[in-house]
Protein chains: 2
Amino acid sequence: MKRNTWQREAVREALDTSGGFISAQGLHSALHAGGSPIGLATVYRALSDLADQGEADSLQSPDGESLYRACTTTGHHHHLICRNCGLTVEIGADEVEAWAKRVAGEHGFTEAAHVVDVFGLCATCSATAR
Amino acid sequence: MKRNTWQREAVREALDTSGGFISAQGLHSALHAGGSPIGLATVYRALSDLADQGEADSLQSPDGESLYRACTTTGHHHHLICRNCGLTVEIGADEVEAWAKRVAGEHGFTEAAHVVDVFGLCATCSATAR
DNA sequence: ATGGTTTTGACAATCATTATCAATAACAGC
DNA sequence: GCTGTTATTGATAATGATTGTCAAAACCAT
Ligand SMILES: [Zn+2]
Ligand SMILES: [Zn+2]
Ligand SMILES: [Zn+2]
Ligand SMILES: [Zn+2]
């Protein structure tokens, strides 16, 4: 049976607080900065569990890091992510869902999954950058 | 000035031969299997260069590895990839391009890039799997 | 409160990728 | 073709993220 520990709860809360996508290392740093003595391995395990249970979304950053986020949308969705500050907008994309299903079918592919993310600079970061 | 070496050419040819997306490690193994004594670091450098010059496409595998492929389509496009055998189909996706641009704009994002890939089992692998 | 079982965390191990740097090989100019 | 300059190579070390190990600590049903 699965047990409840303050570590797991701490990770959940830190994820909620973070707002945007964040790496395991980043979350661990944030937790430490907040005074938590949680171990790094534990953060990795908690994030992995949260992702498995569907309580967190995960994706690969452009440079191959795994990033996690506590999303509010329950169902399947995609993300618009600021590559500077991490601000994330959850996006429903029915037309993309249809497209993905169609192209997979047209080429005889089964068990198709898709990776669809948009990375850019949010309005705030765009303004700052100039 | 850039010099031409048999190593660089070997990587280009191996990429062409591969057909699907392949990792640097995988290409290095393939080259060694074919009798080439090329070094691993050189394969990494050559692939990075090819990607920079637009002669190769690159993407992150679902588990965070960088994969490369010599694509025939010159312009921007996306991929339908067999997660079992690596078979890759190049896909033009005007509707997705438009969608990505639209959602970025709607939320004030600039310099938006998108990651759009479909992973599945190709017809052959689907048949074998059952 | 107790005991069996899960979870933790310090640390080692792994794996992909990048940095080093002396030795090598391209190639421009003679 | 020979030569000197300089980009490139490759063995290896270094890095950085992630996972494995395992004894000690924490949970929780009883
Ligand atoms: Zn931003
Ligand atoms: Zn989708
Ligand atoms: Zn391509
Ligand atoms: Zn296949």
Side-chain angles (χ1 to χ4, degrees), chain A residues 1-15 18 20-53 55-69 81 83 86 115, chain B residues 1-15 18 20-53 55-69 81 83 86 115 117 119:
Chain A
M1 66 246 37
K2 183 164 40 184
R3 294 178 182 177
N4 292 330
T5 64
W6 64 264
Q7 287 94 334
R8 205 123 33 180
E9 193 52 39
V11 168
R12 224 186 312 249
E13 283 187 31
L15 249 201
S18 156
F21 275 91
I22 189 171
S23 68
Q25 306 268 357
L27 245 200
H28 182 242
S29 297
L31 283 162
H32 265 200
S36 171
I38 190 173
L40 177 57
T42 303
V43 174
Y44 271 99
R45 282 186 291 243
L47 287 175
S48 180
D49 286 352
L50 287 174
D52 287 346
Q53 301 169 215
E55 292 192 53
D57 277 8
S58 71
L59 58 82
Q60 300 290 132
S61 81
D63 43 89
E65 258 186 325
S66 287
L67 304 182
Y68 298 85
R69 179 169 189 269
I81 304 159
R83 71 169 68 92
V115 177
Chain B
M1 66 251 33
K2 184 164 40 184
R3 295 177 182 176
N4 292 330
T5 65
W6 64 264
Q7 286 93 335
R8 220 162 328 222
E9 193 53 38
V11 169
R12 222 186 313 248
E13 282 187 32
L15 249 201
S18 156
F21 275 91
I22 189 170
S23 68
Q25 307 267 357
L27 244 201
H28 181 242
S29 297
L31 282 162
H32 265 200
S36 171
I38 191 171
L40 177 58
T42 303
V43 174
Y44 271 99
R45 281 185 291 242
L47 286 175
S48 180
D49 287 351
L50 287 174
D52 287 346
Q53 302 167 213
E55 292 191 54
D57 277 8
S58 72
L59 58 81
Q60 300 290 131
S61 82
D63 44 88
E65 258 186 325
S66 287
L67 304 182
Y68 298 85
R69 178 169 189 267
I81 304 158
R83 70 169 68 93
V115 177
D117 298 299
F119 293 87

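Proteins get letters first, then strands, A, B, ... in listed order; numbering begins at 1 in each.
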Notebook entry, point to check: Expressed in angstrom and rounded to an integer, what is the separation of B:Leu40 atom CG from D:dT8 atom P?
Noted result: 18 Å

Next item on the list: Please figure out whether B:Ile38 or A:Ser48 has its closest DNA chain D nucleotide nearer the 5' end.
Entry: B:Ile38

Note to self: How close do B:Gly86 and B:Ile81 get, counting heavy atoms only, and between which atoms?
What the structure shows: O-CG2, 4.3 Å

Check: In whole Å, what is the span from the CZ atom of A:Arg8 to the C1' atom of C:dT6?
Finding: 9 Å

Check: Across the strands shown, which category fits A:Ser66 at heavy-atom distances under 4.0 angstrom: base, sugar-phosphate, nothing?
Finding: sugar-phosphate

Check: When the distance from CD of A:Glu9 to C1' of C:dT7 is rounded to whole Å, what number comes out?
Finding: 16 Å

Next item on the list: Considering non-hydrogen atoms only, spot the tightest contact between A:Leu40 and A:His28 and give its length.
Entry: N-NE2, 3.4 Å

Notebook entry, point to check: For A:Tyr44 and D:dT18, is the shortest distance between a side-chain N/O and OP1 or OP2 below 4.0 Å?
Noted result: yes

Notebook entry, point to check: Looking across every strand, which nucleic acid part, if any, lies under 4.0 Å from A:Arg45 by heavy atom: base, sugar-phosphate, or nothing?
Noted result: base

Check: Looking at residues at least two apart in the chain, or sitting in another chain, which of them share a salt bridge (Lys or Arg N to Asp or Glu O under 4.0 Å) with A:Arg45?
Finding: none

Atom pairs and distances, side-chain donor-acceptor, residues 46-53 of chain B, under 3.5 Å, sequence neighbours left out:
from: B:Asp49; atom 1: OD2; to: B:Arg8; atom 2: NH1; distance (Å): 2.9
from: B:Gln53; atom 1: NE2; to: B:Glu55; atom 2: OE2; distance (Å): 2.7

Note to self: What is the distance, to the nearest angstrom, from the CG atom on A:Asp49 to the C1' atom on D:dT18?
What the structure shows: 15 Å

Margin query: Any donor-acceptor pair, under 3.5 Å, between the side chain of A:Arg3 and the base of C:dT5, if you only look at N and O atoms?
Written below: yes

Next item on the list: To the nearest Å, give me how far apart CE (A:Met1) and C1' (C:dG3) are.
Entry: 13 Å

Notebook entry, point to check: Which sits closer to the 5' end of DNA chain C, B:Gln25 or A:Pro37, going by the nucleotide each is nearest to?
Noted result: A:Pro37

Note to self: Please compare B:Gln60 and A:Trp6 by the position of their nearest nucleotide in DNA chain C and report the one closer to 5'.
What the structure shows: A:Trp6

Next item on the list: Rounded to the nearest angstrom, tell me the gap between atom CD in B:Glu65 and atom P in C:dC15.
Entry: 11 Å

Margin query: Heavy atoms from C-beta onward define the side chain here; which of D:dT9, D:dT12, D:dT18 lies closest to that of B:Ala41?
Written below: D:dT12

Check: Taking atom P of C:dT24 as reference, at what distance in whole Å does atom CG of B:Asn4 sit?
Finding: 22 Å

Notebook entry, point to check: Which atoms form the tightest heavy-atom contact between B:Leu27 and B:Ala14, and what is the distance?
Noted result: CD2-CB, 3.4 Å

Check: OP1 or OP2 of C:dA25 sitting under 4.0 Å from any side-chain N/O of B:Gln7?
Finding: no

Note to self: Less than 4.0 angstrom between a side-chain N/O of A:Thr5 and OP1 or OP2 of C:dT6, yes or no?
What the structure shows: no

Check: In whole Å, what is the span from the NE2 atom of A:His28 to the P atom of D:dT19?
Finding: 15 Å

